[in-house]
Amino acid sequence: MEKTFLMVKPDGVQRGLIGEIVNRFESKGYQLVGGKLMSISQELAEQHYGEHKERPFFGELVDFITSGPVFAMVWEGENVISTARLMMGATNPKESAPGTIRGDFAVTVGKNIIHGSDSPESAEREIGLFFKEEEMTSYEKTVNSWIN
Ligand code: DAT
Ligand code: MG
């Protein structure tokens with residue numbers, strides 16, 4: 001089953017939005033298979049956001065993501081990578097639709113509440129960066145036959 005890496009960023013944790021965000025994906029019908037509250041080291045931040053190394057906002061981005069605890073998660077379900085991106089909304093909250101997480105809870109691109117993998121390749125890479133195999137769980141929920 002497809003898996004993605006989602007993370008409540010430090011602003012979302014500080015604003016008390018972990019539960020709200022977990023609830024959205026749970027209610028949708030996706031399954032949480034790993035989750036932890038953690039601090040991100042400078043090194044992990046630079047690896048995670050490596051694709052943005054040359055961007056002018058890279059320093060700010062690394063400072064922000066290491067500024068407080070994050071809630072890192074692995075979610076599983078049919079088409080979860082692209083559907084989670086839709087549920088998150090556009091990167092810049094000025095453009096994210098109401099009803100999306102960023103559209104409902106964020107104002108500015110630098111503090112946009114949630115991270116989500118943008119492709120199968122980045123999902124695999126990011127899950128590997130944040131989670132050991134034994135930190136993830138595989139389990140059957142009987143309700144899944146009413147979802148898939
Ligand atoms: P996303 O988080 O939607 O995958 P991204 O990968 O393009 O977006 O960028 C990673 C993060 O970097 C994004 O969530 C917020 C920050 N960011 C992106 N563009 C920015 C910009 N123009 N100015 C400041 N921060 C930006
Ligand atoms: Mg991205």
Side-chain angles (χ1 to χ4, degrees), residues 1-138 147-148:
M1 187 58 91
E2 188 170 295
K3 287 186 180 64
T4 196
F5 174 71
L6 301 179
M7 172 169 70
V8 183
K9 294 182 183 183
D11 53 337
V13 173
Q14 290 295 328
R15 289 178 55 197
L17 292 172
I18 295 173
E20 167 73 34
I21 288 169
V22 168
N23 186 45
R24 288 192 178 212
F25 294 101
E26 227 177 10
S27 305
K28 171 76 173 169
Y30 290 133
Q31 189 168 333
L32 186 63
V33 294
K36 57 183 172 180
L37 189 71
M38 61 179 281
S39 297
I40 298 187
S41 67
Q42 181 84 14
E43 188 191 359
L44 178 57
E46 287 174 6
Q47 274 181 291
H48 173 64
Y49 280 130
E51 64 172 317
H52 299 303
K53 205 162 50 203
E54 307 304 330
R55 310 280 285 276
F57 56 82
F58 183 68
E60 252 174 78
L61 183 56
V62 169
D63 286 350
F64 170 60
I65 209 71
T66 57
S67 65
V70 300
F71 192 66
M73 300 167 280
V74 180
W75 285 86
E76 185 175 84
E78 193 173 308
N79 215 36
V80 66
I81 299 171
S82 62
T83 303
R85 293 283 299 187
L86 286 176
M87 291 169 67
M88 288 160 54
T91 301
N92 191 333
K94 288 177 184 140
E95 288 148 21
S96 8
T100 66
I101 292 166
R102 287 162 169 171
D104 287 350
F105 301 114
V107 173
T108 182
V109 68
K111 296 195 172 67
N112 63 5
I113 304 284
I114 182 166
H115 168 83
S117 308
D118 62 6
S119 67
E121 296 69 37
S122 53
E124 195 182 338
R125 191 182 76 87
E126 291 167 1
I127 290 169
L129 273 178
F130 282 84
F131 284 87
K132 299 183 183 124
E133 199 63 49
E134 64 266 26
E135 290 177 314
M136 287 180 283
T137 316
S138 177
I147 295 169
N148 294 308

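Index from 1, following the sequence. One-based numbering, in listed order, for ligands and for the atoms of each.
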- Determine whether the aromatic ring centres of W75 and Y30 lie less than 6.0 Å apart. no
- Query: S27 side chain to R24 main-chain N or O, any donor-acceptor pair under 3.5 Å?
  - Reply: no
- Item | Pairing residues for K36 by the salt bridge (Lys or Arg N to Asp or Glu O under 4.0 Å) criterion, not counting sequence neighbours | E135
- Query: Do any N or O atoms from the side chain of R102 and from the backbone of I114 form a donor-acceptor pair under 3.5 angstrom?
  - Reply: yes
Find all protein N or O atoms under 3.5 angstrom from an N or O atom of ligand 1 and list the pairs with distances, or write 'none'.
residue, atom, partner, partner atom, Å
ligand 1, 2 (O), R102, NH2, 3.1
ligand 1, 3 (O), R85, NH2, 3.3
ligand 1, 3 (O), T91, OG1, 2.5
ligand 1, 3 (O), R102, NH1, 3.1
ligand 1, 3 (O), R102, NH2, 3.4
ligand 1, 4 (O), R85, NH1, 2.8
ligand 1, 4 (O), R85, NH2, 3.4
ligand 1, 6 (O), H52, NE2, 2.9
ligand 1, 8 (O), T91, OG1, 3.2
ligand 1, 9 (O), H52, NE2, 3.4
ligand 1, 14 (O), K9, NZ, 2.9
ligand 1, 14 (O), N112, ND2, 2.9

- Query: Would you call the rings of F5 and H48 parallel, tilted or perpendicular if under 30° counts as parallel and over 60° as perpendicular?
  - Reply: perpendicular
- Whether E2 side chain and V80 backbone form a donor-acceptor pair below 3.5 Å: yes
